[in-house]
Amino acid sequence: MALVEVKQITKKFGAYSAISNVSLTAQDGKFLILLGPSGCGKTTLLRMIAGLELPTYGDIVIGGKVATRLHPKDRNIAMVFQNYALYPHLTIYENVAFPLRVRGFSGDIDKKVKWATSLVGIEHLLERKPRQMSGGERQRTALARSLVRDPSVFLLDEPLSNLDAKLRHSAREELRQFQERIGVTSIYVTHDQVEAMGLGDRICVMQGGVVRQLGTPEEIYLNPADTFVASFIGSPPMNLISDEGRTIGFRPEMFLPESAFDPSEALYRTEFTVQRIEYLGGDRILYGMVGASLPSSKAIARLPATIGTLPEVGTTAKFAMRLSDIRYFDGEGKAVEQSRRHEARLVVNG
Amino acid sequence: MAEPNTDLPGDRLLAYLALSPSIAILILLVAVPMVTVFAMSMQHISLGELSGPFVGLRNFERVLADPAFLNALGNTFVWVFGSVAIEMALGLGIALLLNIDFRMRGIARAVILTPYLIPTVVAVLTWHYMFNDIIGVLNYLLMAVGLISQPLLWLNSTSMAMFSVILVGVWKFFPFVVIALMGILQAIPQEQYEAADIDGASALQKFWRITLPHIMPVFLLTALLRTIWTFHKFDIIYLMTGGGPIDATTTLPVLVYQQGFVDFALGRAAATAIITFAILGVLLAVYLHLMKRAEARQ
Amino acid sequence: MSTTELSLAGSQPGGLGRYNRQAADLHYVTSRVMVYLLAFTAVSVIGFPLFWMVICSFKTSTELYQFPPAFLPHDWTLTNYRDLFIQTNFPIYFVNSLVVAGGATLLSLVVGGLGAYSLSRFKFAGMRTVSMLTLLCYMLPEVLLVIPLYLFVVDLGMADTLISLIIANTAFTLPLTMWFMRSYFNAIPASLEESAMIDGCSRFQAMRKVTLPLALPGLVSVGVFSFNHAWNEFLFALVFTSSETKKVLSLGLATWIGQDNIYSWGMLLAGAVLVTIPVVLFYLLVQRRLVVGLSEGGVKGE
């Protein structure tokens, strides 16, 4: 078990900076997610922690030891690659035994392999070659191979992205339980925000080589640090409406017909012209324009099925949201601090 | 490259260490000889010598003024364009045929590709025996079916020899075209033909509008490779005719050999070799230009 | 509409519908006949010299010189093969060819394989140039190189040695190996090696335990191409070697052509068959990769 610290890391490829001055800490035994769109630098960061790339500036510290220039094999980390990187010429058994063999493990290799493979439920497939396995089985093999030698840090690079949607969901569940059971510090790269929210103890949202926000899933969802995080997290994303150099934001599921609220609540009222309705079973997504006191702009509302009456397409209805659910962002898109919110709110209301 | 490159401490050293033997050999076996051949081309090297006094461009002047050079140049063009044109046409036809599914296609393909695999000297031996004026099976067969009335002097007449050599060259090397085109033919998505069927295209239309545009880049590249290789092909001509009768099949590479290792005029041979290389270079430049234009048009 | 009803009417409940014979289509039948006719013609015309070579190598000398020729030998004989080994230096040539082709192949595989690995896995200044230069080497006319190489061989006192042929052949087989193996290594995901390094391998161990086994088919294929190139090579052999004990097969057999008063056609053809056998055997080994390798521009034109 170990703490992983990333200290002021910058990575340049020629003139291009893939990572600019990033610092963060993966806490001991916790699940940290690196989340961001493709090209945000999250995989590069993971590869530097693994020792596959050398940071241009800054240091990687693993378990209190500076590891920046350590060879990957000397870091006691394990990594699950996006394509699983199973050795095609070896059987599943040999794949899992590989880390033990190359490290000259002195104990009972057979016992360790059986233990690791039974943990992920592939103990009956040991004689197969990787190409004879399904995607889910390969992913489990990669997991078994990475945990067989008790690494102190677990790195996972989009390990679920090659699975189909249904399998991905159950694999996510297993992965989370599995991590809790063995309690290894885990760093997990993904571009899928649902995966990130479901798996992470903490999420680090990255974009353009910098950390946009680091926090628990709740913090990131409820109080996005900037408009990028606000629009990247949540499906559909947070409604963002620009108004006099500021941006106000509200989640679609917080934006409901006025009748859905208790009249005693502190509400912000507006009008919503519905242009299209999508039925998603449990929810309905309403696309339309807000107006009235706000500058006319596109917005989305997500209404749970418990709200019986829907406004019809083409009509304008009274909609509202709680004042406490509104988020404010300044001209650069940064979230306005709690202390300054009051001020901003007055401006919007006035 | 899609895969990111690993960049670890010590990798750079390893990269250069692994590459340096290759580079060293290539420098010693290719770069240094290239420089040497230029140096030799500007020396007067007498019989039995390996170097001689510097004479500037005199070797080049002598070579270019030599009727034997012009003859060889003409022969080379006949040899190259004759061979490549027939190889490409035949290769395309056979590739299209082998792209159709039929029983025993595997055997047919194996037989058709074999000439490419066999050593040149074997091909030459076999054809020599078949071309034989007196006992050759080729004359017998052609006379039997009535195509000719008396035996042809395949290799021993100045008018026939080039044709015969081209015939052997085509037989030996057209399978390369077949292999290259078969690969790309199989890569054409079947859906395109099915869509064309539904749109009511005829077989000929499908060939012109789907097959040909698809294979064109590979077709041109194959023709380019065949042109280069045919241009400096030495062994098949030398072994079939030795450049004869008289000089009827003396192409530039054969001329270089004769100057260098029969007349032992290494300076002159070097000059001829460089001119040959330069002509090939011009040919390639023209060809690449045409190919770029063709690609731009698509 | 009506078609649906028709086929429904003709079918038994739970049984099959009307059988639609493909062969009943006249157009289809004609085109199939054409295909078989064309294929038969192509195979017999192209295959005839091969057939003739093999068949005639089993003919007695009387039959070999008889006109009109008989298509199948009246008396099958192995005399030609026996004479080849007893009366000629064929066995020496054969061994020499094995040494030269084997040596050049081994040298290219070891040196070129490492070089290709470096070109594929690392980024460094001039890497693209090196890759392009290897391709260029591969296009150079042999007659251009043979003159200066002859000079070096004589200067170094290596004339009439097999080692000079091994080295000269490397000038072509090495670029071939590098170019081919570079694309082969490119196709092996770098993440496999990275994974091996995280699992505890050094870079070198990762190469040996993961990349090398995966690259083996590629090495075998390009080894066959190289071997075949060197096995066929004629010009260097012609210029560099002269004594009987240093001749390789291509040169040895070539000097017999035109001397049919000394060596019979039967022996020559028997020799031709024997020279072909290793090449064909090797190609059978890599048959499936042949098309891929060749269409990637991976092989020289001989």
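Numbers restart at 1 for each chain; the letters A, B, ... are given by sequence-line order, proteins then strands.
Contact annotation for B/F174: only side-chain heavy atoms (C-beta onward) come within less than 4.5 Å of a heavy atom of chain C. With a 4.5 Å cut-off on non-hydrogen atoms, B/I107 does not touch chain C at all. In this structure, the portions of B/Y140 lying under 4.5 Å from any heavy atom of chain C include both its backbone and its side chain. At a 4.5 Å heavy-atom cutoff, B/L90 makes no contact with chain C through either its backbone or its side chain. For B/I100, the part lying under 4.5 angstrom from a heavy atom of chain C is the side chain only. Residue C/M178 touches chain B through its side chain alone, counting heavy-atom pairs closer than 4.5 Å. Using a 4.5 Å cut-off between heavy atoms, C/L251 does not touch chain B at all. At a 4.5 Å heavy-atom cutoff, the contact between C/V111 and chain B is made by backbone and side-chain atoms alike. When heavy atoms are compared at a cutoff of 4.5 Å, C/L174 approaches chain B solely by way of its side chain, counted from C-beta outward.
Interface remark: of the candidates C/W231, C/F48, C/F204, C/F48 forms the most heavy-atom pairs closer than 4.5 Å to chain B. Contact count versus chain C (heavy atoms, under 4.5 Å) is highest, among B/M104, B/R105, B/M143, B/M40, for B/M40. Ranked by heavy-atom pairs under 4.5 Å with chain C, the list B/V137, B/L239, B/I94 is led by B/V137. When B/A273, B/A203, B/A18 are compared by the number of non-hydrogen pairs under 4.5 Å with chain C, B/A18 comes out ahead. Chosen from C/G47, C/P49, C/G112, C/A272, the residue pairing most often with chain B at heavy-atom distances under 4.5 Å is C/P49. Highest contact tally toward chain B, considering only C/L253, C/L107, C/L114, C/D155, is held by C/L114 [criterion: heavy-atom pairs under 4.5 Å].
Of the possible donor and acceptor atoms, one in the side chain of B/W171 sits under 3.5 Å from a partner among the backbone N and O of C/I46. Of the possible polar contacts, none joining the C/S250 side chain to the B/V121 backbone as a donor-acceptor pair under 3.5 Å is found.
The shortest distance between side-chain heavy atoms of C/Y117 and B/L19 does not fall below 4.5 Å. Residues C/V279 and B/I118 fail the side-chain proximity criterion, which asks for heavy atoms closer than 4.5 Å. Contact check for B/H128 versus C/L268: no side-chain heavy atoms found under the 4.5 Å cut-off. Residues C/V43 and B/R109 have side chains not in contact (no heavy-atom distance under 4.5 Å, counting atoms from C-beta outward). The side-chain heavy atoms of B/M34 and C/L140, taken from C-beta on, include a pair separated by under 4.5 Å. You'll find the side chain of C/P141 stays beyond 4.5 Å of the side chain of B/T276, heavy atoms only. Put simply, the side chain of B/Y257 does not reach to within 4.5 Å of the side chain of C/V146, judged on heavy atoms. Residues B/L28 and C/F152 are not in side-chain contact: their nearest non-hydrogen atoms beyond the backbone lie 4.5 Å or more apart.
Considering CD1 of C/I147 and OG of B/S41, their distance stands at 9.5 Å, rounded to 0.5 Å. Atom CG in B/D101 sits 7.0 Å away from atom CZ in C/R32 (nearest 0.5 Å). Distance check: B/I275 CD1 to C/L144 CG gives 11.5 Å after rounding to the nearest 0.5 Å. Distance CH2/C/W265 to CG/B/L125: 6.0 Å, rounded to 0.5 Å. Annotation: the span from C/E233 atom CD to B/T120 atom OG1 amounts to 10.0 Å, rounded to 0.5 Å. One finds the OH atom of B/Y238 at 9.5 Å from the CG atom of C/L235 (value rounded to the nearest 0.5 Å).
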| said: I'd like to know whether B/V256 forms a side-chain contact (heavy atoms from CB on, under 4.5 Å) with C/E142, so could you lay out the CA-CA distance, the side-chain angles of the two residues, the decisive distance to 0.1 Å, and finally the verdict. | reply: CA-CA 11 Å; B/V256 173; C/E142 283 172 311; over 6 Å; no

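Residues C/P148 and B/P33 share a closest heavy-atom pair of CG-O, 3.3 Å. The two atoms that bring B/I112 and C/A42 nearest to each other are CD1-CB, 4.2 Å, heavy atoms only.
Under the 30°/60° scheme for interplanar angles, the aromatic rings of C/Y150 and B/F264 are found to be tilted. Between B/F102 and C/Y36, the ring-plane angle classifies as perpendicular under the 30° and 60° cut-offs.
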